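The structure appears below as structure tokens.
If you're wondering where the values come from, they're calculated on a predicted model, not measured in any experiment. We use all heavy atoms of the structure for the numbers below, so side chains are in, but hydrogens, waters and symmetry mates are not. Atoms within a ligand are numbered from 1 in the order they appear, just like the ligands themselves. We're numbering straight along the sequence, starting at 1.
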Amino acid sequence: MKPRDRLRIAMQKSGRLTEPALDLLNRCGLTFRQSRDKLFCFGEGEPVDLLLVRDDDIPGLIAQGVCDLGIVGRNVLNEFKGTAGDGAATLTEWRSLGFGRCRLSIAVPQDVAYNGPNDLSGLRIATSYPGLLGTWLREQGVVATTITLAGSVEIAPKLGTADVICDLVQSGGTLVANQLRETDVLLQSEAVLAGPDALPTDERGDMIELLLKRLDGVIQVRESRLLLLQTSRNTLDAVTRLLPGGPQPTLLPVAGQPDQLMLQALCAGEVSWRQLEEIKKAGAREMFVLPVEKMLA
Ligand code: PRT
Ligand code: ZN
């Protein structure tokens, strides 16, 4: 294959992961010429292009070297790694991305007693994930029949084509609507940045490293808040003790008020009203909680 000098990222063309994946790439400073109805989106600023495909095709495109990276659910990536040939084993999760969270679970009809995986012996299990299910059944020492379906797995027990199912669950609403009950979780999933084990050694490798650094910054700040407040020196200890987790706060003098300090703290998560009220009671005032947009350590 002819070497490429531009990085190529595969992502879902149209589905649950499309908007959050594009948003994440935009936050990393990557923008693309609008051609969402097409397969290929040319990157405008950086030498990074997008390939818009069905999510199931993404691991294969990376394994074949058609794309350098892909944004795909861990469920799809691991199913591919479990069922495809040798090349598949070399795919890695470079980052987990914090969206598209769901789990792959066994669910049984609500009116059926269930005491554990052994109860699945001899049953027919409908799933779109035969690889992951097969591995789990082997680990449990259970022999059952896998019925592979491309979609509408949840209605298989009602139709009589299977006894139980193994499918993705998020809110659990689909299971309830189909009189099913979740029993075992096989995999916790979310969208991941997938790529080969070994990064390319040319400019594309440099670009991937740059992208990973930006991603880390974006992922870190997505949850971070900057807390600003004023406190007198004698309440500083009490205030500091109540600060949410994060690196050491920065202290700045307040002009014309030698006993006062301005405190600046990066917090690892949300800061609630309750926490703010407690910190205020300890002696803080002029408090601000700000979202963090970019961070480069
Ligand atoms: O066309 P293409 O093949 O690209 O799309 P697709 O239909 O295969 O994928 P899509 O867009 O439905 O899902 C893409 C990815 O989103 C999945 O591979 C998962 O990694 C992730 N994801 C997150 C989910 C869900 N949540 C989810 N709830 N994928 C599917 N579901 C379905 C599930 O199969 C079940 O039918 O939603 C139903 C359950 O949802 P709850 O909320 O009722 O429990
Ligand atoms: Zn799909």
Looking only at N, O or S atoms in Asp56, which is nearest to the Zn ion (ligand 2)? OD1

Please find the N/O/S atom of Asp55 nearest to the Zn ion (ligand 2) and write down its name. OD1

Considering only the protein, which heavy-atom contact is closest to [atom], and what is its distance?
atom	result
atom 38 (C) of ligand 1	Thr174 OG1, 3.5 Å
atom 13 (O) of ligand 1	Arg16 CD, 3.6 Å
atom 26 (N) of ligand 1	Cys102 CB, 3.5 Å
atom 33 (C) of ligand 1	Leu168 O, 3.4 Å
atom 17 (C) of ligand 1	Asn75 ND2, 3.8 Å

Closest non-hydrogen atom pair, Trp94 against Pro196: NE1-O, 3.0 Å

Can you see which heavy atom on Pro109 is nearest to which on Val164, and at what distance? CD-CG1, 4.1 Å

Given Arg74, which of Glu93, Gln188, Glu79 fulfils the side chain to side chain donor-acceptor pair (under 3.5 Å) condition? Glu93

Linking I/L/V/M/F/W/Y whenever their side-chain heavy atoms sit closer than 4.5 Å, directly or via other members, would Leu276 and Leu263 fall into one cluster? yes

Got an N/O contact under 3.5 Å between [X] and ligand 1?
X	answer
Arg54	yes
Ser14	no
Asp55	yes

Less than 3.5 Å apart, any donor N or O on the side chain of Glu182 or Ser105 sitting next to an acceptor on the other? yes

Proximity of Gln12 to ligand 1 by residue part, where a heavy atom lies under 4.0 Å: side chain

Is there at least one protein heavy-atom neighbour under 4.0 Å from atom 41 (P) of ligand 1? yes

Given Gln170, Arg103, Arg101, which one has a non-hydrogen atom that is nearest to atom 44 (O) of ligand 1? Gln170

